[in-house]
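Working notes, structure below.
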Amino acid sequence: MTVPQLTGVHPAWLPPEAFQAIGSRRVLVLGEGALVDTVREEVAAARARHGGGQGGGQAGGQGGREGAGCVLALSGADGLPEPARAVAAEAGPTGAEGYALARRDGVTVVVADAPAGLLYGLFHLVRLGEAAFAPADRPVERHAPAAARRMLDHWDNIAVHPVMGQVERGYAGGSLFWRDGELREDLTRVRAYARLLAAAGINAVAINNVNVHATEARLLTDRLDEVAAIAAELRPYGIRAHVSVGFASPVVLGGLPTADPLDEEVRRWWADAADRVYAAVQDFGGFVVKADSEGQPGPFAYGRSHADGADVLAAALAPHGGVVHWRAFVYDHRQDWRDRSTDRARAACDHFAPLDGRFAENVILQVKHGPMDFQPREPVSPVIAAMPATKLAVELQVTQEYTGQQRHVCYLAPMWSELLAFRPWGEEGRSVADVAVGGGGLVAVSNAGDDPYWTGHPLAQANLYAFGRLAWDPRLDPAAILDEWADLTFPGAADGLRGTLHAIMDGSWRTYERYTAPLGVGFMVRPGHHYGPDVDGYEYTPWGTYHFADRDGVGVDRTRATGTGFTGQYPRPWSDVYESLERCPDELLLFFHHVPYGHVLRGGSTVIQHIYDTHFAGVEEVSAMRARWDKLDGSGLVDPAYHARVAELLAEQQRSAEEWRDQVNTNFFRKSGVPDARGRRIH
């Protein structure tokens, strides 16, 4: 294994300069195993660049700074030197992926019980840089991931889809894995991607789209060698490959007359399929399934429950230690828009809450963080609190489908941090993060592709990095994560950049919310591709994404008293808070209530004036972001090509924000007939 080297691709948060602190010192690596070999290769590459030594064997070279060494060791390794022995003894067990860090007598030490921990410890040293080698002793710090599974779902297609293309909801070019229906010949970039993910703390990747089409279905049969090839590139960085499978695979691939999960032939087919996969990929992670959703087949066709459907796959995977990620994104996408009693927000809880406790031990129910579909503002999904006897994974969307599609700056870590800290049972109860950590972990839809900057918008790299770090530790501060990303991405220049990056990115999610989605209204986007404003684009469609705006008011009545009853799916106190017009948070008012335009918010503004004010303010904030970025031009702090790409996208963001402002304000002015109290131009 060699550290992947790419030409013409931005190094993201692992530029060679980020390894200077390690590479310029004497480093000893002790231990056995493939991931320890990866650590050795990383140290050797860093030493070759920054210390002139040639790493090899168990030592990373003999040159470098005198008296400033580093030891990375498995705590059970033979010949563990002092002070590594002392650090290991003081730290105690570190777990399968944890590590301990300390500095004693001029030596920085990382010890771990297992190779994965040593790999994560190495990347922590990279994050710390020179701070890890400060002259003063550093007390023992223990680090371990909060969640055992920290996973990315790729919505990559093998065959280019006529509507969704190579990557569904992909805004960063083509697939890293496939091109024009074939596995890429050179998978070096996949290994480089795995390296980036490991440095952020991610340990699992589903390699194909949850909407499994005919070509992708064959990953279980004659294209299984492609899964093995991709898994081989992920493995050196501790990442397990998962595959999305179609529920109807026994029919589509096996020629069976049924996919009924209670049919014995079907059960045998899935068991045989799992055996074949594990024969090819011994460390395979498991299956991801989207069933009975948006046209994907599922157990409902046979009168079976989702627990029945998930458990047949779980039984096939259990002997191998694999898991089933069964998505809870199930709703009626052919609903009658005239029927106000059918509420898409209710669907997941209605379908799955009655099944609590009926899923097999190796089933992870994968729940979108909100009840709708990754909107800029939603309440937390009530499913997260409704199924205490089921392993739940909370699903986020790093790819910016509804938050600017990586053409807009929208740093999502503040949103994720807020929702992970939410306590469905009140201040004394568990948080969303607690549920995920104690269950199936965190999952997110990847935003990476074959774009030279990985994520299309260079600043969108921060979202991918932040997801990994929050999956590792949900308590981390989004601003501190941004500092980490900046220090790694712009080594030597970050001190001069931090102020600008924070000014542009810290509040960018709320800026995006201001010029797009007022008070919890969502889906005012152009149907199909979801970019740009179309206030009524989904209003009279079967998708269940309505705002019910008319001349008198706006919002969806989801109360128990007069609406769909959705508020009743939450435990107290939130069921009562959301039910109450007076107590419901303003930012979610129109998600839970239909109100007149003259309804007065807590801040003293009316709903209609809030709509006008926020949309004008959002555009002004984007203009300020552009001005801050423009000041960096010629500063030497940012590569000119990088600066130009961001500047180009900020110009598009301002154009789009102005379009959102004008269409939303004009639409609601014409509906309400209420003029802007500030007299600004509305068309």
Side-chain angles (χ1 to χ4, degrees), residues 9-10 12-13 152-158 160-179 189-190 193 196-197 200 205-211 368 373-376 395-413 415-416 443-468 485 504-505 508-509 511-513 515-517 522-534 622 625 641-642 644-657 659-660:
V9 178
H10 188 262
W13 51 86
L152 284 175
D153 283 359
H154 272 257
W155 287 356
D156 294 25
N157 300 313
I158 298 176
V160 177
H161 189 270
V163 176
M164 292 299 176
Q166 188 81 71
V167 181
E168 182 167 335
R169 308 305 179 191
Y171 312 111
S175 170
L176 292 169
F177 312 125
W178 292 283
R179 183 174 181 179
R189 188 159 178 182
V190 175
Y193 180 54
L196 288 172
L197 299 187
V205 170
I207 64 176
N208 65 300
N209 195 350
V210 293
N211 292 314
K368 290 192 178 186
D373 191 9
F374 301 130
Q375 296 303 291
E395 183 181 89
L396 311 175
Q397 192 180 48
V398 185
T399 194
Q400 293 174 228
E401 180 179 358
Y402 296 102
T403 51
Q405 299 192 357
Q406 281 136 246
R407 286 180 261 186
H408 296 215
V409 177
C410 189
Y411 181 48
L412 294 170
M415 176 207 283
W416 299 333
V443 181
V445 185
S446 173
N447 66 343
D450 68 358
D451 179 84
Y453 290 99
W454 296 96
T455 56
H457 200 307
L459 300 185
Q461 292 176 6
N463 286 330
L464 184 55
Y465 180 82
F467 167 71
W485 172 78
I504 291 172
M505 298 176 72
S508 56
W509 160 50
T511 292
Y512 186 87
E513 181 184 18
Y515 64 77
T516 57
F523 283 102
M524 295 193 302
V525 292
R526 293 195 179 109
H529 58 72
H530 298 166
Y531 186 75
D534 190 339
V622 174
M625 290 159 62
Y642 189 107
R645 171 72 79 97
V646 174
E648 177 186 4
L649 289 164
L650 282 169
E652 164 56 19
Q653 183 169 358
Q654 180 162 2
R655 183 211 63 78
S656 182
E659 183 183 26
W660 274 97

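Excluded from the calculations below are hydrogen atoms, water molecules and symmetry mates; all remaining heavy atoms, backbone and side chain alike, are included.
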For N447, is there any backbone N or O sitting under 3.5 Å from a side-chain donor or acceptor partner on R169? no
Can you sort out the partners of W485 under side-chain hydrogen bond (donor to acceptor under 3.5 Å, both in side chains), two or more places apart, ordered by chain and number? T489
Decide yes or no on side-chain contact (heavy atoms from CB on, under 4.5 Å) for T455 and D451, but give the supporting numbers first. CA-CA 6 Å; T455 56; D451 179 84; over 6 Å; no
Inter-residue atom distance L197.CG - L152.CG, 0.5 Å rounding: 5.5 Å
Would you please name every residue forming a side chain to side chain contact (heavy atoms under 4.5 Å, CB included) with H161, sequence neighbours left out? N157, V163, M164, H213
Expected output: side-chain E659 to main-chain G532 donor-acceptor under 3.5 Å: no
What distance do M505 atom CE and L412 atom CG have between them, rounded to the nearest 0.5 Å? 9.5 Å
Flag the pair W660 / M524 as yes when at least one side-chain heavy-atom distance between them is below 4.5 Å, and no otherwise. yes
Could you pull out all residues at least two apart from W13 that satisfy ring-ring contact (aromatic ring centres under 6.0 Å, His included)? Y465
Could you tell me which non-hydrogen atom of Q166 sits nearest to which non-hydrogen atom of I158, and how far apart they are? NE2-O, 2.9 Å
Applying side-chain contact (heavy atoms from CB on, under 4.5 Å), run through Q397 and T403 and close with a yes or a no. CA-CA 10 Å; Q397 192 180 48; T403 51; 6.0 Å; no
For Y642, give me all partners under ring-ring contact (aromatic ring centres under 6.0 Å, His included), at least two apart in sequence or on another chain. H10, Y453, F490
Reported CZ-to-CG distance for the pair R179 and D450, which is rounded to 0.5 angstrom: 7.5 Å
What residues, two or more places apart in sequence or in another chain, satisfy side-chain hydrogen bond (donor to acceptor under 3.5 Å, both in side chains) together with E652? Y531, R655
Starting from the C-alpha separation in whole Å, work towards a yes-or-no answer on side-chain contact (heavy atoms from CB on, under 4.5 Å) for T516 and Y402. CA-CA 10 Å; T516 57; Y402 296 102; over 6 Å; no
With sequence neighbours left out, write down each residue that passes side chain to side chain contact (heavy atoms under 4.5 Å, CB included) with A448, or none if nothing qualifies. L176, Y193, S446, L464
To the closest 0.5 Å, what do you measure between CG (L396) and CZ (F374)? 7.5 Å
If every non-hydrogen atom of R645 is compared with every non-hydrogen atom of P458, which pair is closest and at what distance? CG-CD, 3.5 Å
Please check if the side chain of H408 supplies one atom and the backbone of C410 the other of a donor-acceptor pair under 3.5 Å. no
Taking side chain as C-beta onward, heavy atoms only, is W454 less than 4.5 Å from Q461? yes
Qualifying residues under side chain to side chain contact (heavy atoms under 4.5 Å, CB included), relative to V167, sequence neighbours excluded: D156, S175
Once rounded to the nearest 0.5 Å, what's the spacing between atom CD of Q406 and atom CD of E401? 11.0 Å
Can you name the ring-ring contact (aromatic ring centres under 6.0 Å, His included) partners of F467, sequence neighbours left out? none
Looking only at heavy atoms, the pair that brings Y512 and P376 closest together is CE2-CG, 3.9 Å
Under the side chain to side chain contact (heavy atoms under 4.5 Å, CB included) test, which residues partner A206, sequence neighbours left out? M151, D153, H242, V288
Could I get the full list of ring-ring contact (aromatic ring centres under 6.0 Å, His included) partners for Y411, not counting sequence neighbours? none
Looking at every non-hydrogen atom in both residues, tell me the closest pair between V622 and Y515 and how far apart they are. CG2-CE2, 3.6 Å
Please name all residues satisfying side-chain hydrogen bond (donor to acceptor under 3.5 Å, both in side chains) with E168, sequence neighbours left out, ordered by chain then number. N209, N211
Worked verdict on M625 versus Q653 for side-chain contact (heavy atoms from CB on, under 4.5 Å): CA-CA 10 Å; M625 290 159 62; Q653 183 169 358; 3.9 Å; yes
Going by the rule side-chain hydrogen bond (donor to acceptor under 3.5 Å, both in side chains), which residues pair with T511 if we only count those two or more places apart in sequence or in a different chain? E621
Check whether any side-chain heavy atom of N208 sits under 4.5 Å from a side-chain heavy atom of F177, and report yes or no. no
Nearest 0.5 Å please: distance from the CG atom of L649 over to the CD atom of Q405. 12.5 Å
